[in-house]
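A short write-up of the structure that comes next.
In this text, all values refer to a predicted model and were calculated from it rather than measured experimentally. Heads up: numbering here begins at 1 and tracks the sequence.
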Amino acid sequence: MTSPTKPAGPRPGPRAARRRLIRELLLVAGLFAVYKAGRMLSTGRTDEAYRNAGWIWDAERALHLPGEGAVQRLLLHGDALVHTANTYYAAVHFPATVLFLVWLYVRRPAHYLWARRVLAVLTGAALALHLTFPLAPPRMLGAAHLVDTGQVYGPSVYGAAPATDTMANQFAAMPSLHFGWALMLALGMIAATRSRWRALWLLHPLLTLLVVVGTANHYWLDAIVATALLGGALLLIPRPVAARTAAAVAVRGHLPGPKAPAAAATTPAALPVPAAAVSGPGPASAPAAPAAVTAGASR
């Protein structure tokens, strides 16, 4: 699905470019502020969040998903490894998304608008789910027997008492926007670049998935739901025409082009041979002249 693009006009002047930049910064900051404020609306629903956590845990076992503890045990082999995972969870998620949008804004403006709209739809859908389905993360669920790696090993972005944490809503585990944003970053960079190595961007969401599960901040289903919401947003928001056109050109560059049509004959059609020329007097070789005309026309 693509959207039409307008013909390129004259480049905007410095003042217009600054106004556009300020407008985009205010828009993105405003959307993020609304999201953060909206998350806090479900902080008082602790009992419901724990009930939902038990339901999610049972659903994962019924679906035969691997236990989150298997990933966490890998991290707990060394303090340095689990500390690195906690740091990745705390420090990479938001800055990476900001850098992704800034790079697109500067280098791929059409892709920037597409990515910003997709992220806005994804984040809005996630906020609606946070409000309707509060969920305690697996680190709070006794049945999971998982370690709160942020509190034990550090660093942690959450307060020690979830119910009184005024900086973050710890009962908004589903969906995992850590994973959803990371996956959009990878897909956006793959769409906006043409390097033969661009598929390596998928390592970012893969590593993010292992981190959010291994630190017991999210369930597998949190990432699955985030992927489904992102897929819906990608279907809803049309991809830039430039991306589809470039892809088509790249494919055509490896295929043989259409054969040129045969040139139309430019010589006049063979003229009929008069009966007199065949039956009349003359040398025996006289009828050969019309035959030469016919042969020339057939070339």
At what distance, to the nearest 0.5 angstrom, does [atom1] of [X] lie from [atom2] of [Y]?
| X | Y | atom1 | atom2 | value |
| --- | --- | --- | --- | --- |
| Trp103 | Leu185 | CH2 | CG | 10.5 Å |
| Asn217 | Ser176 | CG | OG | 8.5 Å |
| Met184 | Leu229 | CE | CG | 14.0 Å |
| His83 | Leu75 | NE2 | CG | 13.0 Å |
| Leu104 | Arg107 | CG | CZ | 10.5 Å |
| His111 | Leu113 | NE2 | CG | 11.0 Å |

Sub-3.5 Å donor-acceptor pair from the side chain of [X] to the main-chain atoms of [Y], do we have one?
| X | Y | result |
| --- | --- | --- |
| Arg45 | Leu131 | yes |
| Gln72 | Asp148 | no |
| His204 | Leu183 | no |
| Asn86 | Thr149 | yes |

Evaluate the side-chain proximity of [Y] to [X]: yes if any heavy-atom separation is below 4.5 Å, no if none is.
| X | Y | answer |
| --- | --- | --- |
| Leu135 | Asp222 | yes |
| Val28 | Val98 | no |
| Leu119 | Leu101 | yes |
| Glu24 | Arg116 | yes |

For [X] and [Y], work out which heavy atoms get closest and say how close.
| X | Y | result |
| --- | --- | --- |
| Gly54 | Leu141 | N-CD1, 4.2 Å |
| Leu221 | Ala59 | CD1-CB, 4.3 Å |
| Met189 | Thr193 | O-OG1, 2.5 Å |
| Thr84 | Ala80 | OG1-O, 2.7 Å |
| Ala216 | Pro138 | O-CG, 3.3 Å |
| Ala53 | Ala136 | CB-O, 3.5 Å |

Checklist line | Residue Trp220 excluded, over 12 heavy atoms near CH2 under 6.0 Å | finding: yes
Margin query: Surrounding CZ of Arg198 (heavy atoms of other residues, nucleotides or ligands, distance under 6.0 Å), is the total greater than 12?
Written below: yes
Next item on the list: Could you tell me whether Arg61 sits above the aromatic face of Trp57, with NZ or CZ closer than 6.0 angstrom to the six-membered ring centre and within 45 degrees of the axis?
Entry: yes
Checklist line | Partners passing ring-ring contact (aromatic ring centres under 6.0 Å, His included) against Tyr105 (at least two apart in sequence or in another chain) | finding: Tyr112
Margin query: Using the side chain to side chain contact (heavy atoms under 4.5 Å, CB included) criterion, which residues pair with Arg51? Sequence neighbours excluded.
Written below: Asp47, Glu48
[X], [Y]: one ILVMFWY side-chain cluster at the under-4.5 Å cut-off?
| X | Y | value |
| --- | --- | --- |
| Phe94 | Val211 | yes |
| Ile56 | Leu146 | no |
| Val147 | Met140 | no |
| Leu21 | Leu99 | no |
| Leu200 | Leu206 | yes |

Check: Any luck finding a side-chain donor-acceptor pair between Gln170 and Arg139 under 3.5 Å?
Finding: yes
Next item on the list: Apply salt bridge (charged side-chain N to carboxylate O under 4.0 Å, His left out) to Arg108 and list each qualifying residue two or more places apart in sequence or on a separate chain.
Entry: none
Next item on the list: Test Leu234 against Leu187 for side chain to side chain contact (heavy atoms under 4.5 Å, CB included), laying out the working first.
Entry: CA-CA 10 Å; Leu234 290 171; Leu187 296 178; 3.9 Å; yes
Next item on the list: Determine whether the aromatic ring centres of Tyr89 and His178 lie less than 6.0 Å apart.
Entry: yes
Next item on the list: Check the pair Leu63 / Glu60 against side chain to side chain contact (heavy atoms under 4.5 Å, CB included), numbers first and verdict last.
Entry: CA-CA 5 Å; Leu63 294 171; Glu60 287 191 342; 5.7 Å; no
Check: In terms of the angle between their ring planes, are Phe133 and Trp55 parallel, tilted or perpendicular, with boundaries placed at 30° and 60°?
Finding: perpendicular
Next item on the list: Can you spot which of Thr227, Leu129, Leu122 makes a side chain to side chain contact (heavy atoms under 4.5 Å, CB included) with Pro175?
Entry: Leu129
Margin query: Trp181 vs Thr208, test: side-chain hydrogen bond (donor to acceptor under 3.5 Å, both in side chains). Steps then yes/no.
Written below: CA-CA 10 Å; Trp181 286 11; Thr208 300; over 6 Å; no
Next item on the list: Let me see the working for Ile224 and Tyr219 under side chain to side chain contact (heavy atoms under 4.5 Å, CB included), right down to the final yes or no.
Entry: CA-CA 9 Å; Ile224 293 173; Tyr219 305 89; over 6 Å; no
Check: Can you list the steps and then say if His130 with Asn169 is a side chain to side chain contact (heavy atoms under 4.5 Å, CB included)?
Finding: CA-CA 9 Å; His130 294 332; Asn169 178 8; 5.5 Å; no
